[in-house]
Asker: 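Please read through the structure below; I'll follow up with questions.
The residues of the chain are indexed from 1 along the displayed sequence. Worth saying up front: this structure is predicted, and the values here are computed from it rather than measured.
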Amino acid sequence: FLELDISCDITQKGYEKKRSKLLQAYLPHTQGAERRIPVTPSSSSSSSSRYQRRRSTGTRDERYRSDVHSEAVQAALERHSERKMTVLLPSKRQSLVGQTSMDTYTPPGVCMWMCLCAGANSSSGSDAEGSLGRAGGVSVDSWISRALHGSPSTSSSSSSHSNSSANAARLPVRSLHSTHFGHLTAPPDITSYMPDPAPISVQRPQVTMITRPLPKYGNAELMETGDGDSRVSAKIQQLVNTLKRPKRRPLREFFVEDFEELLEVQQPDPSLPRPEGVESTPIQGEELDGLKNCPASLEAALLRWGAIAPKAPCLTTTHSNAKQPYTLTYGKLWSKSLKLAYNLLHKLGSKQEPIIHPGDRVALVYPNNDPAAFMVAFYGCLLAEVVPVPIEVPLTKKDAGSQQIGFLLGSCGVAVALTSDACHKGLPKSASGDVMQFKGWPKLLWVLTDSKHLSKPPREWFPLIKDANNDTAYIEYKTCKDGSVSHITNDITRPMYIHTILMSCSENFLFILSFICMHVFSVRPQEGSSKPAGQGVLSMTNLSHGVIRVDTGEKLSVLTLQDVGTAMPGAMVCVVKLEGVPQLCKTDEIGEICVSSVATGTSYYGLSGMSKNTFEVCPVACDGGFVSDCVFVRSGLLGFVGPGGMIFISGTLEGLMQVGGRKHSADDIIATALAVEPMKFIYRGRTVVFSVNVLYDERIVLVAEQRPDSTEEESYQWMSRVLQAIDGIHQVGVYCLALVPANTLPKTPLGGIHLSETKQLFLEGALHPSSILMCPHSCITNLPKPRQKQPEVGPASVMVGNLVAGKRMAQASGRDLSHMEDNDIFAFLFLSEVLQWRAQTTPEHILYTLINSRGAIGSSLTCLQLHKRAEKIATLLYERGQLRDGDHVALVYPPGLDLIAAFYGCLYAGCIPITVRPPHPQNISTTLPTVKMILEVSRSVCVMTTQAISKLLKSRDASVAVDFKSWPPILETDDLPKRRCSLLYKPCDPDTLAYLDFSVSTTGMLAGVKMSHNATSALCRSVKLQCELYPSREVAVCLDPYCGLGFVLWCLCSVYAGQQSVLISPMDLEVNPALWLQSVSQFKVRDTFCSYSVMELCTRSLSSLTDSLKARGMDLTRVRSCVVVAEERPRVALTQSFCKLFKDVGLHPRAVSTAFGCRVNLAVCLQGTSGPDPTTVYVDMRALRHDRVRLVERGSPHSLPLMESGKILPGVRIIIANPETKGPIGDSHLGEIWVHSPQNASGYFTVFGEENVRSDHFGARLSFGDTQTLWARTGYLGFLRRTDLTDANGERHDALYVVGALDEVMELRGMKYHPIDIETSIIRAHRNITECAVFTWTNLLVVVVELDGSEQDALDLVPMVTNVVLEEHYLIVGVVVVVDTGVIPINSRGEKQRMHLRDGFLADQLDPIYVAYNM
């Protein structure tokens, strides 16, 4: 056999010159007679050059070379070159530009070896040479036309598999006769997907009522975009203009997503091509009559030739280093094999306990350039009656497929490996000098088979020469499409049968080896035979439907096939359908070729089920009867039987990709891609095509190694041309096209690209491409049908329907405050009066204890101390501030006791306090404008703060962001007046304003709500009753103290209820993550409050320190309730992780619960200390997209866990209403949560006095039913569900489940999505994604992900994000933005500020690592 493996690019002329030089001395010549050269029927001239041309092609670099195909691709591209497809270049950070350099580039190596078989008087080529057919020959067009009665076809499509044996089996003709392509019609338009659309004008939506400055995220000046100075928003506008409907007809949707997923039955399309021929019949090879004089076995054959012709050459091999060739004679082969067999049986181990016994399996590890040593080892194993298992030489510990080879050796029970001395020296060694233990490999004893390491056998010892039988002769392996390894056993009869067949053929023959089932089933007929070679020009479009049609029109999308010969003598070949029972195909139908012969493998080792399906196939006819009594073997090759019994191969089963109901071959896709100027951008032999399953269909992925000297812009232009060519030639879209740096793809031992390993790297997000282009908009045509809005049913009809169905209306309420027993504290209407009362009755009672970052008590306040300090602050406001009753005062303090004293000082002075977060010293340019905005919106006439913050406001850096002269008067409270205020202010009406609560919502709206004295007292009273707060209790609070329920728990509840509050600043947790839990354990606190940001910080930072914390005495067994304060859907996964992590230190999972509040009502639900435990239900995520609630079992597909948001507070009534019709809805139905309570806020406070804006949020009425009650609209979607649990009053518990904010709902394709659902899926997609946020812009879904890893890994996230959103949410991602960690803005409550992020993205201020625009 002759094999020439070239692993680098080489010109055709240079290739032929080098090859002829190497072979010149070894080509056999017959004296007195001229060598016979095959002559085709179409031409007899220039036979010598044609022979050299046939022998010189078919190598790995030339396997996809086709002049006709290249001309067709170039003609199609050049004709429409003026209409190029617009491709948006990605935006890359400068550190990523030029990541592949010439310094780090290593050119691919060249590995060549050849061995000539001189044992028989015949000449044969390698399997690579066998892939070349004859130019010319008898056309099969007339035969196909007769079979189909003349059925024309149209243009085009096909694809294949870029690995393994397809290149040896399939014979595309390299140069065709002029009659086949003499009249080319006009090529199709493949350079544009559709006509130019009308320009799109998009108006940016108004996000907030108040104009706020756009934040500057990092060094935006360093961002480099693909089009110079253009902004990202302009690129998105360009992307919108390029997203058009593909020109080809979309597929029928697989399903219609409604209340439940309804699968749509595919109706057959009558216009699709179908096979119309008659049923094919098996073909029988010639009778074999050459077995009589053959040796009984291979061992007997070796013995015969070693004795009769000991000096006859058996094998001649040459090396690429130009050394003298080595010839192995039959005598040497016999003696060396005999010597090795003796040593295997008698020199390994001891006489009593030998290591190797007859029938054991032994691994053969030899390089490809040493076939002589391999042949000696192989025959030595046969003489020793052991089973050889040939494997490839492991070069490194991380070789592609090494673990699968280890599985092969382990399952076969291999304990000994034979190798040569030279190969053993090249194996990777450990520190002790032994061969390294490879991953997944069993422990092996390495035996050197060179003669100097072996002992000479005694003369009386002679091996047992067996006759041919069904015992296993050797075991070979194959790599499946998914990368798994299967072992194929071969009996002793098979090699002798193959040898006899070859000897019975003519001296000039060409045979095909199927590496899937390792058998020979066809042979080229003799030159004098009446069956000349044939070829056919077939339509690729019809081939993609499995139908054979002669292409009579469009010549740009054709496939020319050369026959591979007829059936082997003594063999039977048939073609069966690819799916279902092995039924015979029709004469014009593509199927899998099956063969019945003793020259095939017998079984898969240890896999009886697979063996039966592959090696024991019984084809059936259309009437259901068996076509033969013989058992057939599946070859894994696709093709058909042509005229005269000629066999045609069109591809391999493993290389088949079924996209949209059509079958494509990866080899065809590669050939089309390489026809688009490949030499400038990629390496010809380093391109792979495979398919991945995304959204119920296979998607084509093309990966190639990029040349280091090609620029990014040139690469993307080439990628766009490849997309156009594949779409035009094959009419199929490429889902992903990725270019990787040179020498980075995993390689096979022979130098090719390891397909399954490359696919696995792509699926795992570890491919590390340098350029990537995703095209989901043109490839995904089976999305669910967009939801059509149905006419709304009136609220009255909904109520009547629920009553008729026996469903109650979705409404619930907490305990009634009117039935509560009297208490002294309930007599006070104002918090200022409560503080004065406590200062008189319990002056030394400690209300607040502040913990510093070291875990020690920093300071504390008693009732009297707080009262006196508040009086002094009131005096400060009166004397220095000259303030009057009702003036607004901004309190700019860090979390601490100064903030509490300043708040009550404002109440004593009759001023309206507004708590404002101070600017961050390290990011003052971004945070200071927000402080200034709140001051302007709240109409603050004065600022109270500490001396340190006052200096910060007056600093030079602050003056750059905000002019200091624009600030209102600033009062420092470090030095307070010594005298107290003579008269404290007492409000005359409890409905007057107590304070303003300002915050920025997740949608980016800065809003302040008005809290009256009555609402404040009612809120504190509800929290006191729900949590059972008394002066003897201690509560730990680790919350942001500036807005919402966090401010209420930090500043108000201790004064009202009298409990001692242990305050922990969330900012101190950045220095000491265990501070909160240590304080809870130290003070033996039973009730604690935190936020999701605090819980996430503890989970992330303390995950590996639980043992250390337990050793230091942390004990959380006393914790009765740990309440997470949030204005969002409860985070079930984070809560479960937190409970599981700190279970070892005593935290009970039942203690962790959540609270829910919003702008209109700061505390709607809070679990408290009594009542049933919070429940968790699982709903169908698909039903939520249609505003429906459908309960499913845990673990069901598309299930979404929802945790109860706490128990409804006393005095609070809840109803679920339709946000559009404002009508009540039934139980377990999704709607907006409406609240009626005395603790509701009074309304919004705006700078322009527009109190009527969103006035229905605080004074909404139902359109049907109870139309008199005023409700506050929370702006959150949720549902009520009556559970089987009972509360403290013995009534059934009504659980409230919050789904998400109404303002954050994204409506795409007529369905409603919550960002948290998509973000949760994306975070799970890749291990390097730490956080993500999604938002929409002009109906495009934009995903921003934070990368925790190297910037070179940024491009790996693009396909992972696109895939997971398609699979789980049926949405196409328009833009993927990869940024550094910490770029996504998150407020103090742990909520993402998605609109801030969107504004920063559109203004080009994110400094992204990479921005990908999906086409």
Asker: Do E833 and K986 sit within salt-bridge range, that is, some charged N less than 4.0 Å from a carboxylate O?
Answerer: yes
Asker: Checking Y1276 side chain against E1127 main chain: does a donor-acceptor pair fall under 3.5 Å?
Answerer: yes
Asker: Mind checking what makes side-chain contact (heavy atoms from CB on, under 4.5 Å) contact with S1012, not counting sequence neighbours?
Answerer: N1014, A1015, S1242
Asker: Distance-only, no hydrogens or angles: does the Q1167 side chain make a donor-acceptor pair with backbone N or O of P1172 under 3.5 Å?
Answerer: yes
Asker: More than 12 non-hydrogen atoms from neighbouring residues, nucleotides or ligands closer than 6.0 Å to CZ on R884, yes or no?
Answerer: no
Asker: Do V1160 and R1273 come within less than 4.5 Å of each other through their side chains, counting heavy atoms only?
Answerer: no
Asker: Which residue in the set Y893, Y848, Y995 passes ring-ring contact (aromatic ring centres under 6.0 Å, His included) when paired with F903?
Answerer: Y995
Asker: Do H867 and Y904 make the cut of ring centroids closer than 6.0 angstrom?
Answerer: no
Asker: Is a donor on one side and an acceptor on the other found under 3.5 Å between the side chain of S1121 and the backbone of V1123?
Answerer: no
Asker: Are any of the side-chain heavy atoms of S1237 and N1161 separated by less than 4.5 Å?
Answerer: yes
Asker: Considering residues at least two apart in sequence or located in another chain, which fulfil the side-chain contact (heavy atoms from CB on, under 4.5 Å) criterion with D974?
Answerer: T946, Q947, E972
Asker: Can you check whether Y1244 and F1258 have ring centres sitting under 6.0 Å from each other?
Answerer: yes
Asker: Is the shortest side-chain heavy-atom distance between C911 and D885 below 4.5 Å?
Answerer: no
